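Numbered from 1 within each chain, the chains take letters A, B, ... in sequence-line order. Everything quoted here is computed from the prediction, not taken from an experiment.
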Protein chains: 2
Amino acid sequence: MLDTNTNEAVPDNAQEGAGRERTGLREELLQTAVDLFATRGFKGTSIRDIAKTLGVSVSVIYHYFGNKEGLWSAILDYSVKGLPARLEAALGGGGHALERFRRVLRAHLAASALYQKESKIFLIDYDRMSAAGDQTSKAIQKRVLDAYVGILEELRTEGLVKSAQTKILAFNVLGVVNWYLRWYRPDGPLAPDEVYEEIVAFVLYGVIGTPPGQS
Amino acid sequence: MLDTNTNEAVPDNAQEGAGRERTGLREELLQTAVDLFATRGFKGTSIRDIAKTLGVSVSVIYHYFGNKEGLWSAILDYSVKGLPARLEAALGGGGHALERFRRVLRAHLAASALYQKESKIFLIDYDRMSAAGDQTSKAIQKRVLDAYVGILEELRTEGLVKSAQTKILAFNVLGVVNWYLRWYRPDGPLAPDEVYEEIVAFVLYGVIGTPPGQS
DNA sequence: TAATCTATCGAACGATCGTTCTGGTACGCA
DNA sequence: TGCGTACCAGAACGATCGTTCGATAGATTA
């Protein structure tokens with residue numbers, strides 16, 4: 001009676017044997033988890049929700065990721081974890097400071113668009129995770145901030161940036177970019193590049209400004 | 001043994017009888033809930049957490065607010081719900097468009113500072129609530145956005161704003177302001193007004209910009 | 001004084017949470 | 001052919017969740 005039960009329980013992938021590895025189940029789990037986390041939040045999404053959406057057992061998640069934190073960690077690994085390196089890469093290379101600043105900004109926007117949901121979860125839940133993930137997440141946030149502060153300091157020594165509060169400026173830039181991944185819809189009326197240019201222009205003028213004294 | 005138990009169980013407000021209303025328990029509950037929601041999130045905070053922090057029973061929360069959603073709704077009532085009206089009030093009144101824009105911005109920043117934690121919870125969890133609260137929250141978000149789009153359109157007809165994408169500009173402004181309440185610490189080195197002016201300058205220059213053609 | 005109301009407690013209920021355990025099937029390799 | 005390992009289902013466990021339910025003590029009212 002056990003084997004008949006096993007055969008009947010297979011929902012729709014009956015063409016494969018029960019013990020056969022499903023094509024990319026791990027990736028399916030990651031994608032499903034990202035979708036649910038992004039809409040309901042990390043705490044608001046249960047392991048069972050994810051498993052049920054894919055029609056698999058909850059054990060699969062523990063098999064692949066150990067526990068719920070491990071699942072979130074795996075999501076971080078392929079997405080947000082690479083962001084600081086991208087920005088620092090864009091920060092290096094040639095060109096004068098303003099050009100490099102523009103390059104960092106564009107790289108940041110591109111990464112945010114590529115991993116939109118993952119970044120959204122990261123920004124919303126990063127300070128509400130338990131100790132382990134929090135450590136990593138805080139470090140990522142800091143490297144990103146430092147990248148912006150660094151280039152803004154450069155721009156300041158060149159006289160392009162007037163304000164001495166480069167950290168506040170960096171926060172403002174982060175606000176614009178991080179808000180972008182909350183309102184941007186890929187199926188919107190504007191092409192991604194048009195949106196990019198609009199945001200880049202806003203940030204550039206905001207950062208550089210013109211000397212005060214004009215009311 | 002019941003009455004002795006009652007007397008012993010009172011932690012520090014023993015001068016009042018057990019059935020006497022505690023001084024502002026409702027406000028204490030709201031404040032505690034805000035603190036916990038802001039650090040652990042709505043889903044991450046249990047009714048018991050709030051009650052335990054104040055050393056009271058869970059029933060008092062249900063007595064005052066009905067249920068967990070009601071508690072959140074009460075928080076919204078005294079804080080974020082008034083934001084659209086504040087902005088619209090600042091939008092009215094005299095002065096030319098640029099001055100009114102500056103006034104809206106400052107009102108927005110002041111409100112964000114006044115209800116920092118409440119706004120933070122609102123912005124993080126507003127699209128993860130159940131139906132009732134979601135309706136209200138979405139309406140608030142929309143009115144705030146519309147206020148900014150409206151004044152930006154005005155600025156555009158006056159030629160001060162060059163870009164036709166006023167909605168994206170409004171999103172950018174919202175990003176800066178909403179991010180501000182995530183990084184701002186009242187005990188920081190700068191006075192609130194200094195921070196305000198820094199942010200206002202950034203947004204103003206970002207919105208107005210200078211005509212393109214300069215690399 | 002008697003009855004009602006308000007504020008609060010502590011226990012309890014059913015649901016759901018993350019996680020573990022047991023077991024069974026199929027593939028790779030000897 | 002036999003065996004170890006990877007993969008997966010389903011039941012179960014203890015903890016915790018939001019919520020409900022009497023009971024009680026003081027305040028208010030008639």
Side-chain angles (χ1 to χ4, degrees), chain A residues 1-29 32-33 36-37 40-73 129-130 132-133, chain B residues 1-29 33 36-37 40-52 54-73 129-130 132-133:
Chain A
M1 46 157 72
L2 286 173
D3 47 349
T4 54
N5 180 27
T6 304
N7 289 335
E8 285 168 1
V10 178
D12 56 0
N13 54 337
Q15 72 282 1
E16 321 171 355
R20 187 67 179 82
E21 183 185 3
R22 195 158 150 179
T23 54
L25 216 198
R26 203 188 119 100
E27 274 65 34
E28 280 187 86
L29 285 168
T32 306
L36 293 178
F37 286 162
R40 308 185 208 172
F42 184 77
K43 289 262 185 186
T45 305
S46 74
I47 297 286
R48 283 174 180 81
D49 288 337
I50 304 169
K52 207 168 294 174
T53 301
L54 280 168
V56 297
S57 169
V58 294
S59 330
V60 188
I61 295 175
Y62 288 90
H63 174 67
Y64 282 111
F65 306 106
N67 54 24
K68 200 182 179 185
E69 288 268 352
L71 174 56
W72 170 237
S73 185
M129 300 283 183
S130 62
Chain B
M1 48 159 66
L2 283 173
D3 47 350
T4 56
N5 180 26
T6 304
N7 289 333
E8 286 168 2
V10 178
D12 55 2
N13 53 337
Q15 71 282 1
E16 321 172 354
R20 186 69 178 80
E21 184 186 1
R22 195 158 149 179
T23 54
L25 218 198
R26 201 188 120 101
E27 275 63 34
E28 281 188 84
L29 285 168
L36 293 178
F37 286 163
R40 308 186 208 172
F42 183 77
K43 289 262 184 186
T45 304
S46 74
I47 297 286
R48 273 172 252 264
D49 288 337
I50 303 169
K52 207 168 294 173
L54 279 169
V56 297
S57 169
V58 295
S59 322
V60 291
I61 296 177
Y62 288 91
H63 173 66
Y64 282 112
F65 308 105
N67 55 23
K68 200 182 179 185
E69 288 268 352
L71 175 55
W72 169 236
S73 185
M129 299 283 182
S130 61

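Following rounding to the nearest Å, A:Ile61 (CD1) and D:dG10 (C1') show an atom-to-atom distance of 15 Å. Straight-line distance from the CD atom of A:Glu27 to the P atom of D:dC7: 12 Å, rounded to whole Å. Rounded to whole Å, the distance from CG on A:Leu29 to C1' on D:dC7 is 12 Å. Following rounding to the nearest Å, B:Phe65 (CZ) and C:dT8 (P) show an atom-to-atom distance of 11 Å. Atoms NE2 (A:His63) and P (D:dG10) sit 17 Å apart, rounded to a whole Å. A:Tyr64 places its OH atom 18 Å from the P atom of C:dT19, with the value rounded to the nearest Å. Here D:dC8 presents its P atom at 10 Å from CD of A:Glu28, a figure rounded to the nearest Å.
Sorted by first and then second residue, the salt bridge (charged side-chain N to carboxylate O under 4.0 Å, His left out) pairs with a member in residues 40-51 of chain B read B:Arg40-B:Asp49; sequence neighbours excluded.
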Every protein N/O lying under 3.5 Å from an N/O of nucleotides 18-22 of chain D:
residue: D:dG18; atom: OP1; partner: B:Thr45; partner atom: O; Å: 3.4
residue: D:dG18; atom: OP1; partner: B:Lys68; partner atom: NZ; Å: 2.6
residue: D:dG18; atom: OP2; partner: B:Ile47; partner atom: N; Å: 2.9
residue: D:dG18; atom: N7; partner: B:Arg48; partner atom: NH2; Å: 2.6
residue: D:dG18; atom: O6; partner: B:Arg48; partner atom: NH2; Å: 2.6
residue: D:dT19; atom: OP2; partner: B:Tyr62; partner atom: OH; Å: 3.3
residue: D:dT19; atom: OP2; partner: B:Lys68; partner atom: N; Å: 3.0

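Considering only residues two or more places apart in sequence or on other chains, B:Ser59 meets the side chain to side chain donor-acceptor pair (under 3.5 Å) condition with B:Ser57. Evaluation of the side-chain contact (heavy atoms from CB on, under 4.5 Å) rule for A:Phe65 yields A:Arg26, A:Leu29, A:Leu30, A:Ile61, A:Leu71, A:Ala74 as partners, not counting sequence neighbours.
Contact detail for B:Phe42 and B:Lys68: the closest heavy-atom pair is O-NZ, 2.9 Å.
One finds the CD1 atom of B:Ile50 at 6.0 Å from the CG atom of B:Leu36 (value rounded to the nearest 0.5 Å). Rounding to the nearest 0.5 Å places NE2 of A:His63 at 9.5 Å from CG of A:Leu25.
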